[in-house]
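Down below is the structure, laid out as structure tokens.
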Amino acid sequence: MHIPAPFRLHEVTVPAEWTDYNHHLTESAYLLIIGDSSDAFFRFLGVDDAYRRAGRSLYTVETHLRNLREAHEGERLGLTIQVLGSDAKRLHILHEMYSAADLVATAEQMLLHVDTRAGRAAPFPGGIARRLREISAAHAAALPVPDYVGRSIHIPSRSTAETPEA
């Protein structure tokens, strides 16, 4: 199986209703677009409507979204997906959103494979687990992990010399 590195499975043109009072893409629309990109990847893996009807799904447990520049009405956005890793029950992916060659946003996600009938995490079935291992290995060999992956949000401590006077 040919494994694209990265995947390019989703594109969208920004409609007016996804923009805010500043005429920029809204925060919720960034997440909506990322979610649609995830869904396209899930379908590629075989996590589709039939899979969910069978009582299995992927749940997002964490997303770290970085808005790097504004996107506007009518702008065409394309997304890439890089698989950063997976284990028996988890999937770690990275989305990058582009307008032409400009990076607009990134979203790092941790997803959990769930038995929806039991209401708890469950191992990926064999075929999907095997595909995820293959994709992870192909992406690790072909793509660098960006330096922003795994960062947390914080305000760095400042020394007393740098603290502004009250």
Side-chain angles (χ1 to χ4, degrees), residues 1-20 23-53 56-87 89-114 116 121 124-125 127-153:
M1 156 174 84
H2 170 69
I3 299 173
F7 285 95
R8 288 177 170 81
L9 301 171
H10 186 61
E11 291 184 343
V12 66
T13 299
V14 177
E17 58 270 17
W18 288 1
T19 61
D20 63 15
H23 308 287
H24 307 146
L25 191 63
T26 65
E27 287 182 68
S28 60
Y30 279 97
L31 193 55
L32 174 69
I33 294 166
I34 296 297
D36 289 345
S37 180
S38 291
D39 287 343
F41 180 63
F42 299 163
R43 286 188 299 276
F44 173 85
L45 286 175
V47 178
D48 55 14
D49 290 339
Y51 190 87
R52 286 186 292 280
R53 279 192 303 273
R56 298 171 296 196
S57 191
L58 281 164
Y59 288 4
T60 303
V61 293
E62 185 172 346
T63 299
H64 184 171
L65 181 61
R66 297 182 328 135
N67 300 317
L68 304 173
R69 82 156 185 78
E70 299 151 352
H72 301 92
E73 179 183 350
E75 197 165 350
R76 188 78 180 153
L77 302 173
L79 289 93
T80 63
I81 295 178
Q82 178 177 352
V83 174
L84 299 169
S86 65
D87 64 15
K89 300 176 184 178
R90 294 177 297 181
L91 173 60
H92 185 192
I93 60 176
L94 173 65
H95 301 266
E96 290 185 329
M97 182 186 298
Y98 291 91
S99 175
D102 296 328
L103 187 59
V104 173
T106 68
E108 184 179 354
Q109 293 187 302
M110 184 64 68
L111 301 129
L112 189 61
H113 187 258
V114 174
T116 57
F124 287 103
I128 290 180
R130 185 177 56 258
R131 278 188 291 254
L132 285 172
R133 284 191 303 272
E134 292 169 355
I135 294 167
S136 293
H139 284 193
L143 300 168
V145 176
D147 64 351
Y148 59 81
V149 166
R151 284 191 185 168
S152 62
I153 299 172

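FYI, the numbering just counts along the sequence from 1. It should be emphasised that the depicted structure is a prediction, and the values quoted were computed from it without experimental measurement.
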- Message: Just to verify, what does Arg8 make a salt bridge (charged side-chain N to carboxylate O under 4.0 Å, His left out) with, not counting sequence neighbours?
- Response: none
- Item | Any side-chain heavy-atom pair of Thr60 and Ser38 under 4.5 Å | no
- CZ/Arg130: more than 12 non-hydrogen atoms of other groups inside 6.0 Å: no
- Task: Taking the six-membered ring for Trp and the full ring for Phe, Tyr or His, determine whether the centres of Phe41 and His10 are under 6.0 Å apart.
- Result: no
- Message: Any heavy-atom pair between the side chains of Leu84 and His139 that's under 4.5 Å?
- Response: no
- Counting distance only, does the side-chain N/O of Ser99 pair as donor-acceptor with the main-chain N or O of Asp102 below 3.5 Å? no
- Note on the structure: dist Ile128:CD1 -> Arg56:CZ (nearest 0.5 Å) comes out at 6.5 Å
- Going by distance alone, is a donor N or O of one side chain under 3.5 Å from an acceptor N or O of the other, for Gln109 and Thr63? yes
- Query: Should the pair Phe124 and His113 be assigned to parallel (<30°), tilted (30 to 60°) or perpendicular (>60°) ring geometry?
  - Reply: tilted
- Could you name each residue pair satisfying ring pair (Phe, Tyr, Trp, His ring centres under 6.0 Å) that touches residues 90-111, not counting sequence neighbours? none
- Query: Hey, is CD on Glu62 packed in by over 12 heavy atoms from elsewhere, all under 6.0 Å?
  - Reply: no
- Does Leu25 reach the side chain of Leu77, with side-chain heavy atoms less than 4.5 Å apart? yes
- Is the closest side-chain donor-acceptor distance between Thr106 and Arg66 under 3.5 Å? yes
- Message: Among Leu58, Val61, Leu91, exactly one meets side chain to side chain contact (heavy atoms under 4.5 Å, CB included) together with Leu112. Which residue is that?
- Response: Val61
- Test Phe7 against Ile135 for side-chain contact (heavy atoms from CB on, under 4.5 Å), laying out the working first. CA-CA 10 Å; Phe7 285 95; Ile135 294 167; 3.7 Å; yes
- Message: How long is the straight-line distance from CG of Leu103 back to CE of Met97, given to the nearest 0.5 Å?
- Response: 9.5 Å
- Query: Tell me, which pairs form a salt bridge (charged side-chain N to carboxylate O under 4.0 Å, His left out) where one or both residues lie in residues 72-83, sequence neighbours left out?
  - Reply: Glu11-Arg76, Arg69-Glu75
- Taking C-beta and beyond as the side chain, do Val12 and Asp36 meet within less than 4.5 Å on heavy atoms? no
- Task: Quick one: pull up CZ in Arg133 and CG in Asp87 and give me the separation to the nearest 0.5 Å.
- Result: 11.0 Å
- Are the side chain of Gln82 and the backbone of Pro144 linked by a donor-acceptor contact shorter than 3.5 Å? yes
